[in-house]
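Below: the structure, in structure tokens.
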Amino acid sequence: MTDLATLLEVGGPLAALGGGTAYARAKHPGIYWATVGLPVSTVRLLSSYGSVMEACGLTVAPSRLRVLAVKATTRREVRPVPPRRGIIRPTTTGLRVRLRLAPGQEPADVAASAERLRHAWGVHAVYVTTVKPGVVELRLVGFDVLRRVRMPRKLRPDLLRVPVALREDATPFVRDYRTVPHQLTLGATLSGKSMYLRHLIAGLARQPVALVGIDCKRGVELAPFAPRLSALATDPEQAAELLPVLIKEMEDRYDLIKARQGIAPNTPDEEITSDIWGLPEHERPVPVVLFVDEVAELFLVATRKDEERRDEMVTQLIRLAQLGRAAGIYLEVCGQRFGAELGKGATMLRAQLTGRVCHRVNDEASAKMALGDIAPEAVSAACAIAPERPGLAVAGDTSGGWSRIRTPYLSLGDAAGTCREAARLVPDLPALKPFRPDVPVQPAKTPSPVVRSRPVTD
């Protein structure tokens, strides 16, 4: 009985500790990583670094000087040399360590062994980035950061730079319009595309930029942000009137650049390489971001008259995508479906959209349209997105790089509230005033009475 009592006394706390650890790993992975995962993974890395590198084929033969020194001082076996390891830097989501590659190695060799390193050191994923020639950084992620997205706290928003999602390597995905001026965002119903759009608008609402929307779903997506919008078109007829105004605004800005920088007035717009950012700040026009939701509605036609209007609108969108960057006009084209069968100009428009974000789509053709010219494996990753993970997407650009991202939850009320608070930042653009949406007046809150009735008691 004494032994049984002792066993129960010892086993009870151990069982509770094990249960608490399992609960933390499932429900609070960040806490589990900081208390258990980080020390265990660090010990594994330090104790098995040399043998793991040798098993992965990341070692090289030692130099002659090293061989002579080992033989002269000890009788140990001369082993291959792994890449020189730097200081291990822990983070809230994993570890970082830099490696100096041995002569003859390249970063692709380390990247090819990332999956082996993940299993050897017991982490969720390993990512390899090049720091400088001969130096790579291993980013070890301890748990699935896309399961419950928490954006890093230390983010510095800048003009036309909006952190909208989290990458699978725990770094923020920043939508930078100065670097990637135009983007195509695709996603089926309930895929998280609208959430991505909310973060963009809420982030830009606090900045001195003009927001213009084309929402052919009668404005159900963009109308809640009307207090911050400079213009809004809710059907193809209004879009056909708004796009020529933006084209005229772009041409006027090119004339301003010509006048300020001494360019000949008859110089074609296509030959102007400067942009509005070269102008003095007091003369610089405000940047314009155009959101096109359900772009397929602009391509669909029913009559010959609609076809002529469609061709004009598509041509104007292509012109904005080709020439708008230098004039400070940026495009964010969104839709559920985008393919060559939409009609003339679809592939030409897509070719001008450098950035690509593909959420879960209903057909492989849309994923290929968005990511097929970037990387075939990105198409496969987009088609494998499960419906149970809204907000998960594959983001890339025409340079060939891509990664998985996920947008954190943002309610429509919070995003609309941000736009109402930033309504004073709507810039004065006279050409867009006819398209300014009507903002409904918020009903005043009835103050609660000071004298309250006494509650009825038994």
Mind checking salt bridge (Lys or Arg N to Asp or Glu O under 4.0 Å) for [X] and listing every partner two or more places apart, or none if nothing turns up?
X	value
D252	K248
E115	R118
D414	none
R139	none

Measuring from E332:CD to D293:CG, what's the distance to the nearest 0.5 Å?
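So the CD of E332 and the CG of D293 are separated by 10.5 Å.
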Starting at CG of L197, measure out to CG of D215 and round the result to the nearest 0.5 Å.
9.0 Å
Residues forming a side chain to side chain donor-acceptor pair (under 3.5 Å) with [X], sequence neighbours excluded:
X	value
R389	D144
T407	none
E249	R253

Does the distance from a Lys or Arg side-chain N to an Asp or Glu carboxylate O, for [X] and [Y], drop under 4.0 Å?
X	Y	value
R206	E421	no
E251	R319	yes
D158	R178	no

Are any side-chain N or O atoms of [X] and backbone N or O atoms of [Y], one a donor and one an acceptor, separated by less than 3.5 Å?
X	Y	answer
R198	A416	no
Y254	L323	yes
R325	P181	no
R161	D176	no
T171	R167	no

Evaluate whether atom CD of E283 has more than 12 neighbouring non-hydrogen atoms of other residues, nucleotides or ligands under 6.0 angstrom away.
yes
More than 12 heavy atoms of other residues, nucleotides or ligands under 6.0 Å from CE of M151: yes or no?
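Enclosed.
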Side chains of L290 and L243, heavy atoms from C-beta outward: is any pair under 4.5 Å?
yes
Flag side-chain contact, heavy atom, 4.5 Å: L353 against H182
yes
Residue pairs involving residues 88-98 (criterion salt bridge (Lys or Arg N to Asp or Glu O under 4.0 Å); sequence neighbours excluded)
R89-E137, R98-E137
Excluding sequence neighbours, so at least two apart, what forms side-chain contact (heavy atoms from CB on, under 4.5 Å) with [X]?
X	value
T42	L38, L46, I88, L95
V128	V110, A111, V136, L138
L159	Q207, P208, V209, W277
E168	Y127, L146, S403, R404

Geometric cation-pi criterion, R175 with F173: 6.0 Å, 45°:
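The answer is no, since R175 fails at least one limit relative to F173.
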